[in-house]
Enquirer: 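Have a look at this one before I ask anything.
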Amino acid sequence: MAVAGVDLRVRRGSIHALIGPNGAGKTTVFNLLTKFISPSAGTILYQGRDITGERPADVARKGMVRSFQVSATFPNLTVLENVRVALQRKLGTSFHFWKSDQSLRVLHARAVELLEAVDLADLKDAVATELPYGRKRALELATTLALEPELLLLDEPTQGMGHEDVGRVVALIRRVAAERTVLMVEHNLSVVADLCDTITVLQRGAILAEGPYATVSTDPLVLEAYIGAPE
Amino acid sequence: MSAPGLQESRALYRLGVITPARKRIFFGVLVLAGLALPRLVYPVFLMNVLCLALFASAFNLLLGYTGLLSFGHAAFLSSAAYVTGYVVKAWGLPPEVGLLAGTAVAALLGWLIGALAIRRSGIYFAMITLGFAQMIYFLAVQLPFTGGEDGLQGIPRRPLLGLIPLESEGAMYYFVYAVFLAGFFVIYRAVHSPFGHVLRSIRENEPRALSLGYDVDRYKLVAFVLSATLAGLAGALKALVMQFATLTDAHWHKSGEVVLMTLLGGMGTIMGPSVGALVVVTMDNYLSGFGDWVTVIVGAVFVAGVLGFRRGLVGEALHLARNFPF
């Protein structure tokens, strides 16, 4: 069993981080919450409703949207089309195989707006696969935001990014978190320290410590298990 | 599953080589050529090509645009052919009713098989479709109305809508041509529709499409039913053209042949399957003197084609056009 007895509460409007060594079960928690994996026991409450038995697409439609550890774009679509796919569902025509795709043009203005927020508007006609890694993550974030999620689950949003991109993403997360809740898995402790209200430390599928950075970072258990001895 | 041909046509769009105006001219010329063709080429040969081109194009909707490799499409082709044949021959109904009945049965069958097959992906999906197609083959051998080994022979060509005689090959050709164009247009429209865009995103990255709230299985099922329905339309049409429905169309060879036609012509390209069907039917026709060796020759052409032209004939042509100064 990857995780057991993890009693996790994410307060509405907060930025909550999930940290822990490799194999601690962080991504598993994400997969459970978004129903990519079905839990063998326990319940998942979202906005007070039990969503334990729901399917992944339903969870996403309720406003809980996840990103992935490795960049999750649609590689052979253009940057604009990537975001447009996310916007398209709202039109309610996604099953309309008899309608021209010209009907999707109404979404372009909003798509460009979302791309501007992550500095990708100039690259809107580039094919996603041709973007450098950091830009792909930014595109992924823009696509996720297109759904206007209430709860954003970010799986290592700064992983594999250069210094400059990290700063940009952190600023972006801070900005979007103003109106929504964010739960993120993160390895980069300096990112977490600055950004997050609450930090939950996982180890071997269980919670080791929880609280604001100041508390967690001085917890002897955490220091021993995760951060290691002071340098 | 990647469809390299699809990337090529999209690249040409972005380069401005393919424009809506140029596309209209291209299809316009092609449609007119199709009208004049029976004066030059034997109509029965043309009708056979059109039926299989529609069959392969329907198959491509699933393989090229959704990323699902079905190995049981013969089931839809043949069940529609049998039903159409039976309805027209035994019940004396006009061809348009036969066509609708055959197509409807294929749609229903597509829904039944699709609903189970889409629960798995990759090779397991292919094997489930093959398994079902084998059951249909068994039914075609066993059920009394299909004529078993002999097939359903002597399907009459009654007048269309009770008015237009279809006995002559010329009149029949234009009827087949009209149905083909309609079917082809449905496929073209589906590919370039909001639905088609969701399919593309599913093919590109299924977990991501799911995380964006798309109920992936439902989209796959609709694509499957659409593909099965149009494959059925092709089969129904073929029964009216050939005036028979036989086990050949139910055999798994046919399910393999449609994969071959699609890959040879270029999967994920709108014209590829039709070109592939033309090449395969031409080979079958002109090489028939070689007897059993036809299979070997077709097999060799297929291997050479896939090794040498990975994008298929149309895909390679599009790729060349990229470097051509316009």
Side-chain angles (χ1 to χ4, degrees), chain A residues 30-31 34-36 55-78 80-107 125-129 140 143-144 146-147 149 153 155, chain B residues 1-11 13-16 20 58 61-62 64-67 182 185-227 229-230 268:
Chain A
F30 262 37
N31 284 334
T34 49
K35 304 300 310 184
F36 275 66
R55 292 177 306 161
D58 296 330
V59 171
R61 285 198 288 266
K62 289 212 158 78
M64 188 199 288
V65 183
R66 70 173 298 175
S67 72
F68 292 81
Q69 198 165 17
V70 285
S71 92
T73 57
F74 300 111
N76 292 305
L77 303 192
T78 66
L80 182 93
E81 286 169 336
N82 261 273
V83 177
R84 195 178 63 185
V85 166
L87 290 171
Q88 190 189 328
R89 217 191 63 228
K90 285 263 163 65
L91 286 181
T93 60
S94 292
F95 278 107
H96 293 193
F97 58 80
W98 55 87
K99 199 173 256 170
S100 165
D101 52 7
Q102 294 298 316
S103 64
L104 299 174
R105 296 195 77 88
V106 296
L107 301 170
D125 293 322
V127 182
T129 184
E140 191 188 337
T143 309
T144 306
L147 297 179
L153 293 107
D155 200 348
Chain B
M1 192 152 307
S2 78
L6 180 58
Q7 266 61 275
E8 294 302 327
S9 62
R10 288 169 48 71
Y13 257 111
R14 283 195 299 277
L15 291 172
L61 184 61
L62 210 53
Y65 295 102
T66 319
F185 178 74
V186 170
I187 292 165
Y188 177 87
R189 176 46 84 225
V191 168
H192 299 279
S193 71
F195 175 68
H197 282 258
V198 178
L199 289 187
R200 232 166 60 191
S201 75
I202 291 171
R203 204 205 53 231
E204 291 268 313
N205 189 342
E206 188 174 325
R208 184 53 169 162
L210 190 63
S211 81
L212 294 180
Y214 288 111
D215 214 327
V216 168
D217 282 354
R218 284 175 60 201
Y219 288 87
K220 283 184 183 173
L221 181 57
V222 173
F224 194 95
V225 174
L226 210 53
S227 174
T229 308
L230 289 157

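Throughout, a chain's letter reflects where its sequence line sits, starting with A, and its residues are numbered from 1. What's counted below: heavy atoms across the whole structure, side chains too, no hydrogens, waters or symmetry copies.
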Enquirer: Which of the residues Arg55(A), Lys62(A), Gln88(A) is involved in the greatest number of heavy-atom pairs with chain B at under 4.5 angstrom?
Expert: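 Winner by heavy-atom pair count: Gln88(A).
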Enquirer: What part of Arg218(B) is in contact with chain A, defined as an atom under 4.5 angstrom from a non-hydrogen atom: side chain, backbone, both or neither?
Expert: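 Both backbone and side chain.
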Enquirer: Does a side-chain heavy-atom distance below 4.5 Å link Arg208(B) with Thr143(A)?
Expert: yes
Enquirer: Does the side chain of Arg89(A) reach to within under 4.5 Å of the side chain of Leu147(A), using non-hydrogen atoms?
Expert: yes
Enquirer: Picking from Ala86(A), Pro75(A), Ala60(A), which has the most non-hydrogen pairs under 4.5 angstrom with chain B?
Expert: Pro75(A)
Enquirer: Between Ser100(A) and His192(B), is there a side-chain heavy-atom distance shorter than 4.5 Å?
Expert: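 Of all side-chain heavy-atom pairs linking Ser100(A) with His192(B), none is under 4.5 Å.
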Enquirer: Give, as side chain, backbone, both or neither, the part of Leu199(B) having an atom under 4.5 angstrom from any heavy atom of chain A.
Expert: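 It is neither, since no heavy atom gets under 4.5 Å.
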Enquirer: Should Leu212(B) and Phe74(A) count as side-chain neighbours, where that means a heavy-atom distance under 4.5 Å?
Expert: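 Yes - at least one pair of side-chain heavy atoms lies under 4.5 Å apart.
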Enquirer: What residue in Leu153(A), Leu91(A), Val59(A), Thr144(A) has the most heavy-atom pairs under 4.5 Å with chain B?
Expert: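 Winner by heavy-atom pair count: Thr144(A).
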Enquirer: Under a 4.5 Å cutoff for heavy-atom pairs, which residue among Asp125(A), Thr93(A), Asn82(A), Asn76(A) has the most contacts with chain B?
Expert: Asn76(A)
Enquirer: Top residue by heavy-atom pair count (under 4.5 Å) with chain A, among Val222(B), Val198(B), Asp215(B), Val216(B)?
Expert: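 Ranked by contacts with chain A, first place is Asp215(B).
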Enquirer: Go through the atoms of Ser94(A) and report whether side chain, backbone, both or neither lie under 4.5 Å from a heavy atom of chain B.
Expert: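 Both the backbone and the side chain of Ser94(A) come within 4.5 Å of chain B.
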Enquirer: Who are the side-chain contact (heavy atoms from CB on, under 4.5 Å) partners of Val186(B), not counting sequence neighbours?
Expert: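 With neighbours one apart ignored, the set is Leu230(B).
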Enquirer: Test: ring-ring contact (aromatic ring centres under 6.0 Å, His included). Region: residues 193-219 of chain B. Which pairs qualify, not counting sequence neighbours?
Expert: Phe95(A)-Tyr219(B), Tyr214(B)-Tyr219(B)
Enquirer: Hey, which of Ala11(B), Ala223(B), Ala190(B), Gly196(B) has the most heavy atom pairs under 4.5 Å with chain A?
Expert: Ala190(B)
Enquirer: With only heavy atoms counted, which part of Glu81(A) is less than 4.5 Å from chain B, the side chain, the backbone, both or neither?
Expert: side chain
Enquirer: Angle class for the His96(A)/Trp98(A) ring planes (parallel below 30°, perpendicular above 60°, tilted otherwise)?
Expert: parallel
